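Reviewing the structure listed below.
Residue numbering restarts at 1 for every chain, and letters A, B, ... go by the order of the sequence lines. As the structure is a computational prediction, the values presented were derived from the model and not from experiment.
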Protein chains: 2
Amino acid sequence: MLTDEYRYKILKLVEENPEISQREIAKELGISLGKTNFCLKALIEKGVLKANNFRNSKNKLAYIYKLTPQGIEEKASVTMRFLKQKMKQYEQLQSEIEQLKNDLPILEKTNSNADE
Amino acid sequence: MLTDEYRYKILKLVEENPEISQREIAKELGISLGKTNFCLKALIEKGVLKANNFRNSKNKLAYIYKLTPQGIEEKASVTMRFLKQKMKQYEQLQSEIEQLKNDLPILEKTNSNADE
DNA sequence: TATCGTGCGTTCAATAGATGAACACATCAG
DNA sequence: CTGATGTGTTCATCTATTGAACGCACGATA
């Protein structure tokens with residue numbers, strides 16, 4: 001599943017470091033190689049990303065992932081979408097936390113366990 | 001999967017309304033009936049919840065889900081755990097939102113599109 | 001040339017999780 | 001007795017994810 005979260009994160013990673021490998025992306029995002037490959041392909045399919053081969057300095061062949069012009073637009077809009085999602089989550093979290101505090105048994109009491 | 005989220009939410013629902021049905025829980029939590037059944041069984045298995053039959057006023061048979069003494073303890077501790085999780089998420093969200101704002105193309109500009 | 005070792009993207013069988021239609025059962029209404 | 005209704009329970013099916021295994025392209029070495 002290619003969600004806005006991974007659209008955003010992958011486009012960001014790739015923009016910052018076009019020579020990144022799928023394995024590095026996977027590790028960075030904490031997802032499997034298979035899923036990374038799937039998401040990357042979807043982004044390429046959509047035309048927001050392009051993969052080119054190139055010769056890595058003197059050693060090996062490597063891939064460059066480049067954002068297309070459409071990709072740059074897409075990144076901007078997905079960032080905005082994702083930000084709005086996060087801000088909504090942020091508000092929800094506030095009320096959930098209030099709720100949870102109310103659900104706790106009396107915690108005024110002593111100030112023991114200054115645990116952190 | 002029985003996570004703290006559902007431990008907390010189910011114990012809360014059941015405590016507030018012991019006569020609630022599995023279908024109502026499912027609807028309330030936005031999960032499937034099968035998953036609800038699975039979670040409920042796990043809680044009963046663990047001994048934090050107990051299911052009793054009883055005759056519903058004059059109409060039908062129904063179930064009552066009651067928190068055991070251990071269940072009351074468990075609810076308190078899971079609430080605390082869940083709260084801590086949420087507070088950590090809250091902090092993370094703050095930085096993520098900052099990050100996202102930085103990633104946005106210049107948005108000072110005009111105040112066009114007063115969309116909401 | 002021939003054979004390794006390395007790192008790349010790609011594949012896909014296997015697993016995990018979640019779903020919801022279908023079932024057995026118990027009660028009430030007629 | 002029969003049908004309608006509302007329980008909890010089951011489980012085949014689906015979806016999403018995983019990661020070992022693969023083919024390929026180099027550079028290095030014999």
Would you indicate, yes or no, if [N] has its OP1 or OP2 atom less than 4.0 angstrom from a side-chain nitrogen or oxygen of [X]?
{"X": "A:Gln22", "N": "C:dC8", "result": "no"}
{"X": "B:Lys41", "N": "D:dT10", "result": "yes"}
{"X": "B:Tyr63", "N": "D:dG6", "result": "no"}
{"X": "B:Lys35", "N": "C:dA18", "result": "yes"}

Residue B:Asn37, side-chain heavy atoms: nucleotide from C:dT19, D:dT10, D:dT18 that is nearest: D:dT10
What pair of heavy atoms forms the shortest contact from B:Gln22 to B:Thr36, and how long is it? O-CG2, 3.5 Å
Looking only at heavy atoms, what is the nearest atom pair of B:Cys39 and B:Ile10, with distance? CB-CD1, 3.6 Å
Starting from [atom2] on [N], measure out to [atom1] on [X] and report it in whole angstrom.
{"X": "A:Arg23", "N": "D:dA21", "atom1": "CZ", "atom2": "C1'", "answer": "11 Å"}
{"X": "A:Leu33", "N": "C:dT10", "atom1": "CG", "atom2": "C1'", "answer": "8 Å"}
{"X": "A:Phe38", "N": "D:dT17", "atom1": "CZ", "atom2": "P", "answer": "8 Å"}
{"X": "A:Leu29", "N": "D:dA16", "atom1": "CG", "atom2": "C1'", "answer": "17 Å"}
{"X": "B:Tyr6", "N": "C:dG17", "atom1": "OH", "atom2": "P", "answer": "13 Å"}
{"X": "A:Met1", "N": "D:dT18", "atom1": "CE", "atom2": "P", "answer": "13 Å"}
{"X": "A:Ile44", "N": "C:dT10", "atom1": "CD1", "atom2": "P", "answer": "7 Å"}
{"X": "A:Leu43", "N": "C:dG9", "atom1": "CG", "atom2": "C1'", "answer": "16 Å"}

Expected output: side-chain A:Arg7 to main-chain A:Leu2 donor-acceptor under 3.5 Å: yes
Would you say B:Glu28 has more than 12 foreign heavy atoms packed within less than 6.0 Å of its CD? no
Is it true that atom CZ of A:Phe38 has more than 12 heavy atoms of other residues, nucleotides or ligands lying nearer than 6.0 Å? no
By nearest-nucleotide position on DNA chain D, the 5'-leaning member of B:Glu24 and B:Gly34 is B:Glu24
